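Shown next, in structure tokens, is the structure this report addresses.
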Amino acid sequence: MINLELPKKIEDTRSLLRRFSRDGLRPLSRKYDLLEQKEMPQELYELSKLLGMGGNRPAAKAEAAAKGENINGGNLSMVVASAELCWGDVGLFLALPSIGLGNAAVSAVATPEQKAEWGDLFAAMAITEPGAGSDSAAIRTTAVLDGDDYVLNGTKIFVTDGYRSKQVVVWASLDLAMGKAAIKSFLVPKGTPGMTVTRVEHKLGIRSSDTAQIVLENCRVPKANLLGNPEIAKTADARKKAFGGVMQTFDNTRPMVAAQAVGLARAALDLTLELLQAKGIELDFAKGYHQMSALENDLYELEAEYETARLLVLKAAWMADNGQPNSKNASMSKAKAGRMGNQVALKCVEICGQLGYSKAHLLEKFARDSKIIDIYEGTQQIQQLIVARQVLGKSSSELK
Ligand SMILES: Cc1cc2nc3c(=O)[nH]c(=O)nc-3n(C[C@H](O)[C@H](O)[C@H](O)COP(=O)(O)OP(=O)(O)OC[C@H]3O[C@@H](n4cnc5c(N)ncnc54)[C@H](O)[C@@H]3O)c2cc1C
């Protein structure tokens with residue numbers, strides 16, 4: 001039997017986070033959207049401590065797999081949590097120190113000594129460069145071994161939390177001639193000489209989070225700050241697998257980004273229903289199709305789009321928890337939810353007319369915040385390309 005209800009433990013956390021979003025994040029939404037300041041909203045430090053967001057649970061996963069059981073683990077919990085927090089505010093969610101996009105990459109491989117040395121993690125993730133966006137294998141930042149250090153050189157752009165974070169996970173190549181297999185990630189603590197934040201962007205949406213350009217000029221980090229295996233695979237086959245492994249981390253993170261759109265769309269729909277009700281507009285979803293108003297029909301469609309995306313996200317996360325290959329599902333969930341978030345938020349603005357467009361309410365902000373979810377962590381077009389490759393059984397060189 002298929003049961004699409006959330007497990008009780010996750011449902012309990014969800015309703016707790018809804019309260020956190022409603023009482024902790026929402027009251028700050030407009031203030032920090034308007035301020036678009038570089039500095040961290042002070043309230044977020046305290047709020048972040050309350051959260052204690054968990055990661056994957058590899059041991060529990062292995063144990064359950066050995067018994068042939070399903071587990072509802074870290075990925076499912078995280079997508080539900082991300083959606084709830086983004087129901088509150090996507091920009092503030094991204095600014096929470098415990099959410100740092102590089103945190104998971106570091107936690108997965110850091111030794112206890114490194115964890116103690118680096119302290120509380122608030123790690124940004126710096127992949128994108130002026131000449132490398134969708135094609136992350138095209139990065140030109142280099143890391144050269146010199147004695148006991150790696151020396152990093154290059155420019156990273158559009159780094160979420162790049163200004164406020166305490167550490168930056170930098171993607172760099174050990175040898176540009178070796179192609180994507182030579183790409184490794186390095187933990188660079190803020191304050192390391194040679195790493196400079198050179199610009200903070202002004203943006204359409206998610207204005208309460210910072211997005212920065214970072215320049216690395218002869219920036220030295222200890223050898224041990226290379227996260228993962230320092231070897232460059234020797235054979236062509238092993239090299240292909242090595243970068244495939246790097247890309248597979250996106251199979252966990254894409255459903256989480258997709259979940260941001262699910263939370264935002266729910267927020268837009270909830271606010272729309274609230275505003276309509278306050279205007280005395282009664283909606284009756286029990287009516288038959290032939291009696292339904294255009295408004296009721298629109299809202300039905302939006303709810304259906306929302307639910308489709310939500311279920312795709314839950315499935316992709318559940319597959320990751322249970323060790324099932326989920327590249328196709330992760331990309332489907334990201335493409336669908338990214339698109340749905342834009343459509344739902346804009347349509348809600350349209351439905352509510354002046355109230356939707358005015359800064360008196362948050363609908364116009366939801367619409368502005370929604371676009372980035374369709375772009376970062378791989379654009380909608382790139383997700384569709386990945387799905388097409390999986391469906392047609394083509395490699396990335398066969399279908400570009
Ligand atoms: C606010 C914000 C925050 C960000 N945060 C981070 C971050 O924390 N870390 C980080 O590393 N990066 C971050 N990014 C960068 C983001 O991941 C990239 O913008 C994204 O990957 C797209 O790259 P690009 O902008 O260079 O676009 P391009 O790759 O130049 O693409 C331009 C357009 O062409 C389309 N396109 C490209 N290739 C293909 C193809 N083969 N087939 C079909 N269509 C294609 C794309 O879908 C897009 O519509 C952020 C960006 C923004 C705007």
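Every number for a ligand or one of its atoms is a count from 1 in the order of the listing. Given the structure is predicted, the values throughout are model-derived calculations rather than measurements.
Under the 4.0 Å criterion applied to side-chain N and carboxylate O atoms, K38 and D210 are not assigned as salt-bridge partners. Of the charged side-chain nitrogens involved, at least one lies within less than 4.0 Å of a carboxylate oxygen, so that K31 and E43 count as a salt-bridged pair. In summary, E84 and R14 engage in a salt bridge, as defined by a charged side-chain N under 4.0 Å from a carboxylate O. Residues E201 and R199 are paired through a salt bridge, judged by an N-O separation under 4.0 Å between the basic side chain and the carboxylate. A salt bridge is defined here as a Lys NZ or Arg NE, NH1 or NH2 lying under 4.0 Å from an Asp or Glu carboxylate O, and K8 with E11 fails to meet this definition.
Contacts of T160 with ligand 1, taken as heavy-atom pairs under 4.0 Å, involve both backbone and side chain. Counting heavy atoms closer than 4.0 Å to ligand 1, residue T379 contributes side-chain atoms (C-beta onward) but none from N, CA, C or O. By the criterion of a heavy-atom distance under 4.0 Å, the side chain of L385, and not its backbone, is placed next to ligand 1. Contacts with ligand 1 closer than 4.0 Å are made by side-chain heavy atoms of L101 only, the backbone lying farther away.
There is no protein heavy atom less than 4.0 angstrom from atom 25 (O) of ligand 1. There is no protein heavy atom closer than 4.0 angstrom to atom 35 (C) of ligand 1. Inside a 4.0 Å radius of atom 47 (O) of ligand 1 there is at least one protein heavy atom. Within 4.0 Å of atom 1 (C) of ligand 1, at least one protein heavy atom is present. Proximity of atom 30 (O) of ligand 1 to the protein is not indicated, since no non-hydrogen protein atom lies closer than 4.0 angstrom.
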Counting only pairs under 3.5 Å, give me each side-chain donor-acceptor contact of residues 281-290, with atom names and distances, residues two or more places apart or in other chains.
| residue | atom | partner | partner atom | Å |
| --- | --- | --- | --- | --- |
| D284 | OD1 | A286 | N | 2.9 |
| K287 | NZ | E296 | OE1 | 3.4 |

Please list every donor-acceptor pair under 3.5 Å in which a side-chain atom of residues 147-154 meets a protein atom from a residue at least two apart or in another chain.
| residue | atom | partner | partner atom | Å |
| --- | --- | --- | --- | --- |
| D149 | OD2 | R220 | NH1 | 3.1 |
| N153 | OD1 | N218 | N | 2.7 |
| N153 | ND2 | N218 | OD1 | 3.1 |

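In this comparison of I382, T128, L204, the heavy atom closest to atom 39 (C) of ligand 1 sits on I382.
Given atom 9 (N) of ligand 1, the protein heavy atom at minimum distance is M125 O, 2.8 Å.
Cation-pi geometry between R26 and W87 is met: under 6.0 angstrom from the ring centre, within 45 degrees of the axis.
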